[in-house]
Amino acid sequence: MRIGGQPGPTFLLDPSRETILGRSGDIDIALADRLASRRHAMIRHTDGQWLLEDLESRNGTWLDGRAVQAEPLHDGSVVRIGMTELTYQVLADDPTVRERSSRCVIRSGPVGQLQGDALRRSQAVDSEDGRRGAMLYQASLRLLASRSSQEVICAMLELVIEHTAASGVGWFRIGAEAAFEPVCVVPPGGQLASALAAPSIRSTIDQLVSREGHAVWLQPNPAAGVHSELACVPLVSGSSPHAAVVAMAPSGRLRDSDFDLLVGLTTLATAAWDGHSGGGSPATAPHAHDARQPSIRSPLREDADNELSGLSTVELDAFRDGHDSLH
């Protein structure tokens with residue numbers, strides 16, 4: 001799904017069942033779109049291909065700019081329902097394979113896919129994530145109301161501390177050579193930075209987060225001196241990640257709902273950040289551009305860099321008590 005021109009939640013299609021799209025809250029892909037019918041369209045797998053079918057909707061189902069009744073989907077096809085656009089993509093590989101093959105990874109996958117899975121779970125009446133939608137709505141107001149890039153970072157870290165089991169959290173640039181460069185870490189002097197520097201953790205995060213743009217949840221690795229769980233979610237603007245939010249918690253404290261919430265909050269923070277930085281990447285990863293080319297920077301991006309230079313770290317208790325200055 002694309003939201004405001006940016007990639008949004010991603011939904012994996014199951015060839016063994018039909019996928020229904022529409023405005024109803026009890027279907028497979030629920031759309032917050034008043035122009036969509038309650039049961040608007042269906043995607044199903046038949047004769048070796050995926051087929052998009054209109055379900056007698058009021059405003060029709062559009063595929064690559066034309067109204068359709070039943071048409072096959074091709075890699076890159078754009079489906080429009082009301083004002084909502086979704087892009088059909090064929091995955092190059094199964095993102096769950098890496099989870100099964102790596103003993104240190106509890107969960108991992110593209111941010112959009114994880115967010116889509118979380119949205120599906122939150123629709124279940126008996127789900128522990130039942131209130132997640134209302135909480136994310138409040139968080140979105142808080143993040144999008146931020147008046148500067150610095151406020152986005154402060155609000156993001158405060159939300160993670162308030163609503164998850166994290167004992168430490170940090171915002172990191174992804175710089176040259178996929179290196180994590182701390183911008184703000186709460187609390188200071190904690191184990192978060194040293195845990196990220198452990199070779200086994202560093203290699204996993206470098207590959208999955210910095211290069212592939214995946215969110216990851218890692219279990220403790222005592223052999224590497226890491227005795228806490230780590231969850232790391234990248235901020236992706238355009239095609240590559242430029243920053244990441246990392247949370248740490250004692251072994252066994254993080255829950256699926258905490259990880260889902262971290263993914264959702266980071267997606268909101270990405271949108272809020274882009275609004276202040278004019279796109280985000282150059283401001284948060286100043287070494288990522290080709291040194292042979294002149295750097296073109298907008299006033300918005302210069303302002304973002306100036307704001308970040310004033311960030312520091314604070315004690316966790318002070319942060320939880322609502323201190324709104326990190327100087």
Side-chain angles (χ1 to χ4, degrees), residues 3-8 111 115 132-164 166-175 180-190 192-193 215 231-238 241-248 258 261-286 288 297-327:
I3 301 174
Q6 296 292 328
V111 173
Q115 189 180 10
R132 180 175 177 272
M135 208 293 295
L136 279 178
Y137 172 71
Q138 296 175 36
S140 69
L141 296 179
R142 191 164 165 184
L143 283 165
L144 296 175
S146 299
R147 294 166 295 179
S148 67
S149 301
Q150 180 172 332
E151 285 192 10
V152 171
I153 295 176
C154 296
M156 175 65 192
L157 300 187
E158 189 174 18
L159 285 164
V160 175
I161 290 294
E162 286 180 357
H163 297 289
T164 73
S167 58
V169 61
W171 182 294
F172 295 80
R173 293 184 182 92
I174 298 178
F180 271 38
E181 303 169 356
V183 173
C184 185
V185 179
V186 182
L192 183 55
C232 182
V233 185
L235 285 81
V236 182
S237 297
H242 58 80
V245 176
V246 183
M248 169 182 276
D258 289 330
L261 183 58
L262 185 63
V263 171
L265 288 174
T266 305
T267 302
L268 292 172
T270 302
W273 173 269
D274 286 351
H276 293 292
S277 67
S281 300
T284 51
R297 306 176 63 78
S298 71
L300 279 175
R301 289 173 178 163
E302 294 288 357
D303 290 344
D305 275 347
N306 292 335
E307 290 163 5
L308 292 186
S309 65
L311 284 176
S312 182
T313 54
V314 296
E315 294 295 339
L316 184 59
D317 289 341
F319 201 87
R320 289 186 187 274
D321 289 340
H323 289 213
D324 54 10
S325 174
L326 295 186
H327 290 287

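- If you run side-chain contact (heavy atoms from CB on, under 4.5 Å) between Val233 and each of Val246, Val160, Val263, only Val263 comes through.
- With a 4.5 Å cut-off on side-chain heavy atoms, Leu143 and Leu159 count as touching.
- Contact annotation: the side chain of Ile174 approaches that of Phe180 to within less than 4.5 Å [non-hydrogen atoms, C-beta and beyond].
- Note that CD of Glu162 and CG of Leu261 are 11.0 Å apart. Values are rounded to the nearest 0.5 Å.
- A distance of 15.5 Å separates CE of Met156 from CD of Glu151, quoted to the nearest 0.5 Å.
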Exercise for review: Evaluate the criterion side-chain contact (heavy atoms from CB on, under 4.5 Å) for residue pair Asp258 and Leu262; output intermediate values, then yes/no.
Suggested key: CA-CA 6 Å; Asp258 289 330; Leu262 185 63; over 6 Å; no
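- Judged by distance alone, with hydrogens and angles left aside, the side-chain atoms of Ser167 form a donor-acceptor pair with the main-chain N or O of Met248 at under 3.5 Å.
- Counting all heavy atoms, side chain and backbone alike, Phe172 lies closest to Val185 at CZ-CG2, 4.0 Å.
- In terms of heavy atoms, Val152 sits closest to Ala272 at CG2-CB, 3.9 Å.
- In this structure, the separation between CG on Leu235 and OG1 on Thr270 is 3.5 Å, given to the nearest 0.5 Å.
- The two residues Thr266 and Pro234 have their closest heavy-atom pair at CG2-O, 3.6 Å.
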